[in-house]
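Okay, so here's the structure we're looking at.
All ligand and atom numbering here is 1-based and tracks the order in the structure.
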Amino acid sequence: MSTVLEYDAIIVGAGGAGLYTALEASQKARTAVLTKLYPVRSHTGAAQGGIGAALGNVEEDRPEWHAFDTVKGGDYLSDQAAALVLAEEAVQAVYDLEHLGLPFSRTDDGKIDQRRFGGHTRNFGEAAVRRSCYAADRTGHMILQTLYQQCVKNSVDFHNEVQVLDVLLDGTRCLGLVAYDLASGELITLKARAVLFANGGVGRMFRITSNAYANTGDGQALLARRGIPLEDMEFFQFHPTGIRGMGILITEGVRGEGGILLNAAGDRFMETYSPTLKDLAPRDIVARAIVTEIQAGRGITGDGTVDDYVYLDASHLGRERIESKLPDIAEFVRTYLDIDPAEKPIPVQPTAHYAMGGIPTDLEGRVITDDRGTVVQGLYAAGECACVSVHGANRLGTNSLVDLVVFGRRAGRHLARYVAQADLPELPPGAAEPTAARIAGLKDGKSGPPPELLREQMQDVMTSKVGIYRNGPDMASAVEELKGLREAYRDVRCPDRSQAFNTSLLEVLELGHLLDNAYIAAVCALNREESRGAHAREDFPDRDDARWLKHTLARLEKDDVRIEYKPVDVSRWQPKPRKY
Ligand SMILES: Cc1cc2nc3c(=O)[nH]c(=O)nc-3n(C[C@H](O)[C@H](O)[C@H](O)COP(=O)(O)OP(=O)(O)OC[C@H]3O[C@@H](n4cnc5c(N)ncnc54)[C@H](O)[C@@H]3O)c2cc1C
């Protein structure tokens, strides 16, 4: 028998999205947060560069320009009503964070300071604009601390180190969840009027990534297994500047403060690829430029392999500016590379960073299941695991933190209204049994393929064949290899059979989630025969609006993925070629 708990609202995840939702929901409803990590260890805490909002504190700016940049940055796959909501509500959201206690960096006259970031421009693309609000290079950390304190103050019930392993749906409505308590090894069944997934990203399907170990796309996989389609999974962002070989992120804020990219000859190569925005072009363009330089033998080692790299030079900014605006970055570079960024350039290469796709939602965070916007009652999603879709084919820097607070808050408010009138569902008998049986199976003592080997193979396939540049034959072979890995996974056993603190068991389960995400992403990428935003195909180098101006909805059906489509909202700006 597993424990049964009841709440009005349950939020899965304690990152920026989960905490903002919980803060809103808890004003009116009995709210619990389930999180597999301690809240302040969520990946939001790693966000460095800032949160974009057209405050206009240091130069003229307008939400409409922000919305346009978001749509253009997303290569016109962003839903434009969503982009307008994002940009318009960002301004108040930042002031609300300030009033909740977030210690933003300030201008000399005491306003929230703002800096430049890739793809953010004034007057529809004229020149870079200062839009990113920041707290040194610890913006995410500050958001997390601020929201967590507010949630504690609001009596949100936190269940830490409790990992959701199943979601209970009855076709039209969400009933609850099944979760695993790491400390005791017991299952908990939870019943709720509404459930919101805010479980974050899935960068761990790649070998070199900026993402934390916990970013394994659990919610995406659990919902896909229960028949919910995933949207635009082919679009995965590679951030141009990860620490060489490690993937640890060097924020775009370094370029926002004036840092530049250099090749082996010491040339500032972004001047060629993006004459107007140069080093502050959107990430997909900069990441491809780096790979192109490397492949042309202009990387630092000149060997043209995936291990080759370029330089990010911030030395001309001076020690004082680096230490005050980018203290954590300076520390990372000293710790991991033994380099002082005030004296020497930083070796960087692109790193897998952000999932544009995920669980499809409407503007209120309700999960939708088809192209007509049919909602599942009582089921919500927000943050990186969700796809509203505001980032389209390529997210602009600083727009994820905005997404968390703007859409997290909207979802929280809607959810609070919904639970006020919804009744508590009945759970079917034995709701936790399938999960209990899976765990027992993993611990049955038989031997199987080593999970770490499957994980490495998956990461290598995704990095080499579904990476920055893609082509049909490579992706077709990736799909086959991932199919094979999913099959092999069925025989995997957990090497550790203990009851308490069995992290190994959870890693095995997370590998299953990663494999499902990777498989769906690879199938969607092979299916989309065009290049758009972060999806760059060598065999289809152009954007093809006639055939592909549409969102992908991918359904996992046992061993296959069925693809459907959803129209893109282009109600404000007609797609144009993207030039920077
Ligand atoms: C290094 C780095 C720097 C970044 N910098 C910026 C930036 O400057 N600006 C910007 O806009 N964006 C930035 N991003 C992106 C942005 O930080 C993330 O997209 C965002 O923080 C994700 O927030 P989230 O709330 O959706 O999820 P997360 O913060 O990742 O939190 C996920 C939560 O879900 C929980 N969870 C997951 N699975 C389960 C499960 N099965 N059961 C229970 N709980 C679960 C975890 O415990 C965690 O609490 C950065 C990302 C990285 C990796």
The answer for which part of L34 has a heavy atom under 4.0 Å from ligand 1 is backbone
- Could you tell me whether E384 and ligand 1 have an N or O pair separated by under 3.5 Å? yes
So for H159 against ligand 1, with non-hydrogen atoms under 4.0 Å, the contacting part is neither
Closest heavy-atom approach to atom 9 (N) of ligand 1 among G49, G50, G18 is made by G50
Logged contact type for Q48 with ligand 1, heavy-atom cut-off 4.0 Å, is backbone
Original post:
Could a heavy atom of N211 be found less than 4.0 Å from some atom of ligand 1?
Top reply: yes
Only one of R204, R455, Q163 passes side chain to side chain donor-acceptor pair (under 3.5 Å) with E510, and that residue is Q163
Q) Going by an N to O cut-off under 4.0 Å, is there a salt bridge joining E89 and R413? A) no
Any heavy atom of H353 under 4.0 Å from ligand 1? The part involved is side chain
Distance col, row T146:OG1 vs D96:CG, nearest 0.5 angstrom, shows 12.5 Å
Looking at ligand 1, would L404 count as a contact under a 4.0 Å heavy-atom criterion? yes
* Describe, in one word, how the ring planes of F206 and F236 are oriented to each other, choosing from parallel (under 30°), tilted (30 to 60°) and perpendicular (over 60°). => tilted
*asked:* Are any of the N/O atoms on L37, whether in the backbone or the side chain, positioned under 3.5 angstrom from an N/O atom of ligand 1?
replied: yes
Will you find, in the side chains of T398 and H120, an N or O donor that is under 3.5 Å from an N or O acceptor? yes
Practice task
Look only at interatomic distance and state if S400 has a nitrogen or oxygen under 3.5 Å from any nitrogen or oxygen of ligand 1.
Solution key: yes
In ligand 1, the atoms that come under 4.0 Å of a heavy atom of Y354 are 19 (O)
Review point. Taking Q499 for the side chain and G185 for the main chain, is one N or O donor matched with an acceptor at less than 3.5 Å?
Key: yes
So for A198 against ligand 1, with non-hydrogen atoms under 4.0 Å, the contacting part is backbone
Ligand 1 atoms nearer than 4.0 angstrom to some heavy atom of A17 are 25 (O)
Distance under 6.0 Å and angle within 45° of ring axis: R366 vs Y380 = no
task: Work out whether the distance between some heavy atom of V162 and some atom of ligand 1 is less than 4.0 Å.
output: yes
**Report entry** Lys NZ or Arg CZ of R115 over Y134 ring: under 6.0 Å, within 45°
**Finding:** yes
